[in-house]
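What follows is one structure encoded as structure tokens, with my remarks underneath.
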Amino acid sequence: QVQLVESGGGLVQPGGSLRLSCAASGFSFSTYAMRWYRQAPGKVRELVAAISSAGGYTNYADFVKGRFTISRDNAKNTVYLQMNSLKFEDTAVYYCKAQNAPFDAWGQGTQVTVSS
């Protein structure tokens, strides 16, 4: 079965950094582009970043460009999100998801809280 397990979230001060991980299993990870999303309470779900199957192409939402970096290690079936210069408005639950997949699998998400 398809499984996505996000981890690495936590409480951090403004300007701090976190590195999120998403461990994937149950599908051909290396053949799929992957995405990171986030959703804050009372807000719509936002696409944060995307990466192609081999990692050669990346794309970012305007509100994270220059601060976040998406990467992947296909040998480990894992996609990462390095988050630097964190802001209060980055507070959300972060999820990873396969792009254009014949399944609709979401992990439990990982909570990122940016607070003084």
Side-chain angles (χ1 to χ4, degrees):
Q1 61 180 359
V2 173
Q3 188 173 25
L4 298 168
V5 181
E6 300 93 341
S7 62
L11 177 64
V12 65
Q13 292 185 330
S17 297
L18 287 172
R19 188 192 190 213
L20 307 184
S21 297
C22 172
S25 61
F27 66 100
S28 298
F29 178 79
S30 63
T31 69
Y32 287 95
M34 297 294 294
R35 291 173 165 178
W36 282 99
Y37 294 87
R38 72 185 188 188
Q39 188 166 25
K43 303 292 185 179
V44 299
R45 185 177 63 199
E46 300 177 304
L47 177 64
V48 176
I51 187 167
S52 61
S53 60
Y57 300 90
T58 58
N59 195 23
Y60 299 91
D62 288 341
F63 51 82
V64 303
K65 284 183 178 177
R67 300 190 297 122
F68 292 8
T69 302
I70 188 171
S71 62
R72 66 192 296 161
D73 186 340
N74 285 345
K76 296 181 178 180
N77 285 1
T78 302
V79 61
Y80 305 94
L81 186 68
Q82 178 66 46
M83 309 165 66
N84 299 327
S85 302
L86 284 161
K87 305 175 179 179
F88 293 120
E89 53 264 43
D90 294 320
T91 296
V93 178
Y94 285 72
Y95 302 90
C96 65
K97 193 174 188 297
Q99 184 175 342
N100 298 322
F103 48 84
D104 186 24
W106 296 88
Q108 82 288 352
T110 186
Q111 175 72 51
V112 172
T113 302
V114 184
S115 177
S116 298

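None of these values were measured; they are calculated from a predicted model.
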Closest approach of [X] and [Y], non-hydrogen atoms and distance?
X   : Y   : result
Q99 : A50 : OE1-CB, 4.4 Å
D73 : F29 : O-CE2, 4.2 Å
W36 : L20 : CH2-CB, 3.8 Å
S21 : T78 : CB-CG2, 4.3 Å
I51 : T58 : CG1-CG2, 3.9 Å
N74 : A54 : ND2-CA, 4.2 Å

Residue pairs passing the salt bridge (charged side-chain N to carboxylate O under 4.0 Å, His left out) test where at least one lies in residues 107-116, sequence neighbours excluded: none
Contact list for residues 50-65, test salt bridge (charged side-chain N to carboxylate O under 4.0 Å, His left out), sequence neighbours left out: D62-K65
Disulfide bond (SG atoms under 2.5 Å apart) pairs, two or more places apart, involving residues 23-89: none
Pairwise disulfide bond (SG atoms under 2.5 Å apart) hits with a residue in residues 10-107, at least two apart: C22-C96
Is [X] linked to [Y] within one hydrophobic cluster, defined over Ile, Leu, Val, Met, Phe, Trp and Tyr using a side-chain heavy-atom separation of less than 4.5 Å?
X   : Y   : answer
L11 : L81 : no
V2  : V5  : no
V12 : F63 : yes

Residues clustering with Y80 (ILVMFWY side chains joined when closer than 4.5 Å, directly or via others): none
Which atom pairs, donor and acceptor, lie under 3.5 Å between side-chain atoms of residues 82-89 and protein residues at least two apart or in another chain?
{"residue": "Q82", "atom": "NE2", "partner": "N84", "partner atom": "OD1", "Å": "3.0"}
{"residue": "N84", "atom": "OD1", "partner": "S17", "partner atom": "OG", "Å": "2.9"}

Donor-acceptor contact present, side-chain R72 to main-chain S53, <3.5 Å: yes
Sequence-distant partners of R38, salt bridge (Lys or Arg N to Asp or Glu O under 4.0 Å), two or more places apart: E46, D90
Sequence-distant partners of K43, salt bridge (Lys or Arg N to Asp or Glu O under 4.0 Å), two or more places apart: none
Side chain to side chain donor-acceptor pair (under 3.5 Å) partners for Y60, two or more places apart: none
Spatial distance of atom OG (S30) from atom CG (N77) [nearest 0.5 Å]: 7.5 Å
Which atom pairs, one a donor and one an acceptor, fall under 3.5 Å between side chains of residues 100-116 and the rest of the protein, sequence neighbours left out?
{"residue": "D104", "atom": "OD1", "partner": "K97", "partner atom": "NZ", "Å": "3.3"}
{"residue": "D104", "atom": "OD1", "partner": "W106", "partner atom": "NE1", "Å": "3.1"}
{"residue": "Q108", "atom": "NE2", "partner": "E6", "partner atom": "O", "Å": "2.6"}
{"residue": "T110", "atom": "OG1", "partner": "G9", "partner atom": "N", "Å": "2.9"}
{"residue": "Q111", "atom": "NE2", "partner": "A92", "partner atom": "O", "Å": "3.4"}
{"residue": "Q111", "atom": "NE2", "partner": "T113", "partner atom": "OG1", "Å": "3.3"}

Any L4 side-chain heavy atom under 4.5 Å of F27 side chain: yes
Heavy-atom side-chain contact between R35 and Y37 under 4.5 Å: yes
Distance under 6.0 Å and angle within 45° of ring axis: R45 vs Y95: no
